Amino acid sequence: VQYFTPFASVRMDLMADAFNCSLQQLQTELSQLIMKKEIKARIDSHNKIIYARHADLEVCHVTPPPLSRDRARNLLFA
């Protein structure tokens, strides 16, 4: 969530590299976060891009709660 927050869109291949996971693992995790409404985004599964759904990108700033290393690992590799 923190990785994605400052961007309007992110290439999922670059995000997967940053998290050292497969593109499929990342897409699965992002889909779950979207369904749980933990992030407001949509996934372009054809082009492998995630787009933010902010009402006003210049005004919107979300500070996610702290994420422990174990929780982050569990989210990515569950």
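Bear in mind that the values here come from a model prediction, so they are computed numbers and not experimental data. In what follows, residues are counted from 1 in the order of the sequence shown.
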For this session: Kindly indicate, with the supporting measurements, whether the criterion side-chain contact (heavy atoms from CB on, under 4.5 Å) is fulfilled by S9 and I50.
Result: CA-CA 5 Å; S9 65; I50 183 168; over 6 Å; no
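- Nearest approach of L26 to A16, heavy atoms of both residues: CD2-N, 3.6 Å.
- The structure places CD1 of I43 at 8.5 Å from NZ of K48, a figure rounded to the nearest 0.5 Å.
- D17 is linked by a side chain to side chain donor-acceptor pair (under 3.5 Å) to nothing, counting only residues two or more places apart in sequence or in another chain.
- The CG atom of L30 sits 13.5 Å away from the CZ atom of R42 when rounded to the nearest 0.5 Å.
- Residue M15 comes nearest to V10 through the heavy atom pair CB-CG1, 4.0 Å, listed as atom of the first residue, atom of the second, then distance.
- Within the model, atoms CD1 of I39 and CG of L33 stand 5.0 Å from one another, a figure rounded to the nearest 0.5 Å.
- Listed by chain and residue number, nothing satisfies the salt bridge (Lys or Arg N to Asp or Glu O under 4.0 Å) test with D44 (two or more places apart in sequence, or in another chain).
- With sequence neighbours excluded, the residues satisfying side chain to side chain donor-acceptor pair (under 3.5 Å) with T28 are Q24.
- Taking CD of Q25 as the reference point, atom CZ of F19 lies at 12.5 Å (rounded to 0.5 Å).
- With values rounded to the nearest 0.5 angstrom, Q32 atom CD is found 11.5 Å from Q27 atom CD.
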